[in-house]
Amino acid sequence: MTTDSPVKYELLHVCKQSGARRGILHTPHGDIETPVFMPVGTQATVKAMTPEEVSSLGAGIVLANTYHLWMRPGHDLVREAGGLHKFMNWPHAILTDSGGFQVFSLSGARKIKEEGVSFNSHIDGSLHELTPELAIDIQTALGSDIIMQLDECADWRADRGYIKASAERTLRWLERCVKQHKNDAKQALFGIVQGGVYEDLRKMSAEQTITFDLPGYAIGGLSVGEPADIMYKMLEVVTPILPADKPRYLMGVGSPDYLIEGVIRGIDMFDCVLPTRLGRNGTVITSQGQLTVRNASYAGDFTPLDPNCSCYACQNYTRAYIRHLIKANEILGLRLTTWHNLHFLLNLMSEIREAISRDELLDFRDHFFSQTAAHKE
RNA sequence: GGGGGAAUACCCAAGUGGCCAAAGGGGGCAGACUGUAAAUCUGUUGUCACCGACUUCGGUGGUUCAAAUCCACCUUCCCCCA
């Protein structure tokens with residue numbers, strides 16, 4: 001099955017200093033250099049940006065969400081439109097998340113059973129049941145390049161017994177997803193490793209998940225509030241188990257420190273709402289650390305968001321102007337902050353890839369952190 | 001000229017004897033945000049020597065144990081009639 005997969009990982013180089021991987025992810029909608037950051041466009045749009053803008057920032061793949069598009073506008077409509085790529089005018093690769101994260105984030109409006117998850121729609125409260133089979137069918141209709149199994153992203157603070165049961169159910173759901181997927185030639189199904197913050201459960205989940213011989217593996221249920229060192233520990237347990245010829249995707253990670261540390265621990269793919277959400281909420285990620293440009297201290301600051309940035313926002317606008325736009329509730333303000341944040345992370349990944357090629361990723365990390373630390377008060 | 005109404009914190013606006021340093025919005029200030037129910041949410045917003053004290057509800061004086069709330073006069077604004 002693997003050899004027929006529409007998505008293939010090509011390993012280019014392993015950093016001699018850190019063990020990090022550089023590679024290429026071949027998809028039906030283009031080749032993607034890894035490690036890669038994938039902007040999130042839940043509702044078939046990266047909020048505040050046009051697809052052309054997202055593409056111009058260097059993104060070759062974005063996320064969309066099964067649950068949200070199922071609820072609205074409905075996957076049949078997207079199929080009728082000619083698939084997600086055509087519907088949203090995005091010619092590059094798309095990865096759809098299965099709705100597993102909504103099991104976590106909409107926990108107040110959902111019930112988990114062996115058969116699947118029943119949701120009360122966040123839009124109108126109507127009851128819907130998402131099963132592993134339906135999650136595949138919806139993603140088939142959407143036509144994304146990479147599809148995710150239905151999993152349960154459990155609360156990391158849940159007790160061990162629950163996490164174990166949840167991870168095992170996620171494996172049973174994977175089996176059903178694989179069966180439903182039927183070796184589709186155009187879409188690659190990724191499995192998701194769960195197991196919370198328990199090393200043995202993570203190990204069990206990883207070992208079981210790879211028996212399905214899938215074109216890629218994700219690590220889920222992390223970066224949901226647990227301490228960073230626990231997350232790093234889980235990665236150190238899981239990535240050595242995952243096959244070297246397949247991409248490894250750490251779901252939901254997007255702060256610069258997590259990205260760098262994740263790559264060092266063998267991760268190839270990341271996605272996160274952080275840059276777009278932070279931007280809309282008036283915060284920018286810079287080479288000197290996070291900066292809440294909405295704050296009064298920048299009212300008269302006529303320097304760029306990040307003095308070391310070459311993005312459109314930083315080349316043309318000042319902190320003072322962008323703060324003014326945000327305070328005045330002008331759309332351009334959050335477009336510019338989003339623009340910058342996406343550029344920053346995509347550029348960071350590009351620098352990480354180059355550092356891997358030079359076998360200097362650890363040096364790069366130390367330099368990066370000293371820059372941000374130097375500006376912390 | 002006559003009659004009626006209103007003045008509350010940065011703004012709007014509740015409150016008509018003690019539970020009022022004073023509801024609620026807005027604005028301001030700050031914090032949070034990591035497979036997006038998020039252009040959202042949370043906190044804070046009289047002063048200070050801040051688990052306590054002090055000064056406030058147009059102004060002045062009064063009634064009362066107690067006043068943003070009651071009384072008198074004054075000031076300003078709005079509406080109606082001439």
Side-chain angles (χ1 to χ4, degrees), chain A residues 37-49 61-69 71-72 94-110 119-125 135 139 144 146-154 156 170 190-194 216-228 231 249-259 261-262 267 269-285 290-299 322-323 325-338 341 345:
Chain A
F37 176 77
M38 307 180 282
V40 178
T42 303
Q43 308 205 64
T45 169
V46 177
K47 293 182 192 293
M49 295 285 110
I61 178 169
V62 297
L63 255 71
N65 186 275
T66 299
Y67 166 83
H68 285 278
L69 296 175
M71 290 293 112
R72 180 172 57 193
I94 298 175
L95 182 154
T96 42
D97 185 29
S98 61
F101 185 71
Q102 280 63 46
V103 176
F104 171 70
S105 65
L106 300 176
S107 60
R110 127 258 107 155
F119 287 98
N120 282 107
S121 158
H122 70 285
I123 300 164
D124 62 9
Q139 294 181 88
S144 42
I146 298 173
I147 67 177
M148 302 303 298
Q149 74 155 114
L150 183 65
D151 68 327
E152 180 188 357
C153 178
W156 72 280
T170 290
F190 282 22
I192 304 175
V193 174
Q194 288 290 348
Y217 298 97
I219 303 171
L222 291 176
S223 191
V224 285
E226 80 286 357
M231 181 178 86
Y249 163 29
L250 176 55
M251 309 184 79
V253 157
S255 59
D257 52 344
Y258 280 19
L259 292 173
E261 297 292 354
I267 301 297
M269 305 165 68
F270 304 86
D271 79 282
C272 196
V273 307
L274 197 63
T276 48
R277 180 179 291 171
L278 281 183
R280 289 195 309 284
N281 294 338
T283 299
V284 288
I285 308 168
Q290 269 193 21
L291 185 147
T292 307
V293 70
R294 134 172 70 78
N295 284 359
S297 46
Y298 303 108
I322 291 170
R323 171 185 137 88
L325 293 176
I326 289 168
K327 298 301 287 184
N329 245 310
E330 286 291 343
I331 301 172
L332 181 59
L334 53 90
R335 265 176 51 71
L336 292 174
T337 49
T338 299
N341 283 346
L345 290 193

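Computation of the quantities below employed the complete heavy-atom set of this structure, encompassing side-chain atoms and omitting hydrogens, waters and symmetry-equivalent molecules. Just so you know, these numbers come straight off a predicted model, no measurement behind them. Sequence lines set the chain letters: A, B, ... in the order given, protein chains first and strands last, and positions in each chain run from 1.
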#### Entry: Atom C1', compared across G24(B) and A13(B): separation rounded to whole Å
8 Å

### Query
When every nucleotide of nucleotides 29-35 of chain B is labelled 5' to 3' by its protein contacts under 4.0 Å (heavy atoms), B for base, S for sugar-phosphate only, - for none, what sequence of letters results?
SSBBBBB

### Thr338(A) side chain vs Ala48(A) backbone, donor-acceptor pair below 3.5 Å
no

### Query
When you compare C80(B) with U16(B), how far apart are their C1' atoms, in angstrom units rounded to a whole number?
26 Å

### Task
Determine which nucleotide pairs with U63(B), using a 3.5 Å limit on both distances of a Watson-Crick or G-U wobble pair.
none

### Message
The criterion is side-chain contact (heavy atoms from CB on, under 4.5 Å); which residues satisfy it with Leu325(A), sequence neighbours excluded?
### Response
Tyr321(A), Glu330(A), Leu332(A), Leu336(A)

### Partner nucleotide of G52(B) by Watson-Crick or wobble geometry (both distances under 3.5 Å)
C48(B)

### Query
Does A39(B) pair with anything, Watson-Crick or G-U wobble, both distances under 3.5 Å, and if so, with which nucleotide?
none

### Query
When you compare C50(B) with A68(B), how far apart are their C1' atoms, in angstrom units rounded to a whole number?
24 Å

### Message
When the C1' atoms of C12(B) and C57(B) are compared, how many Å lie between them, rounded to an integer?
### Response
15 Å

### Task
With sequence neighbours excluded, tell me which residues meet ring-ring contact (aromatic ring centres under 6.0 Å, His included) with Phe190(A).
none

### Task
For Arg323(A) and Arg294(A), indicate whether the former's side chain and the latter's backbone hold a donor-acceptor pair under 3.5 Å.
yes

### Message
Checking side-chain polar atoms at under 3.5 Å, does Gln194(A) have a donor or acceptor matched by the opposite partner on Asp151(A)?
### Response
yes

### Query
Which value, in whole Å, describes the distance between the P atoms of nucleotides A72(B) and G5(B)?
13 Å

### Message
Between A38(B) and A7(B), how many Å separate the two C1' atoms, rounded to a whole number?
### Response
41 Å

### Query
When the ring centroid of Phe119(A) is compared with that of Tyr67(A), is the distance short of 6.0 Å?
yes

### Task
Specify the separation, in whole Å, of atom CG of Asn329(A) and atom P of G26(B).
12 Å

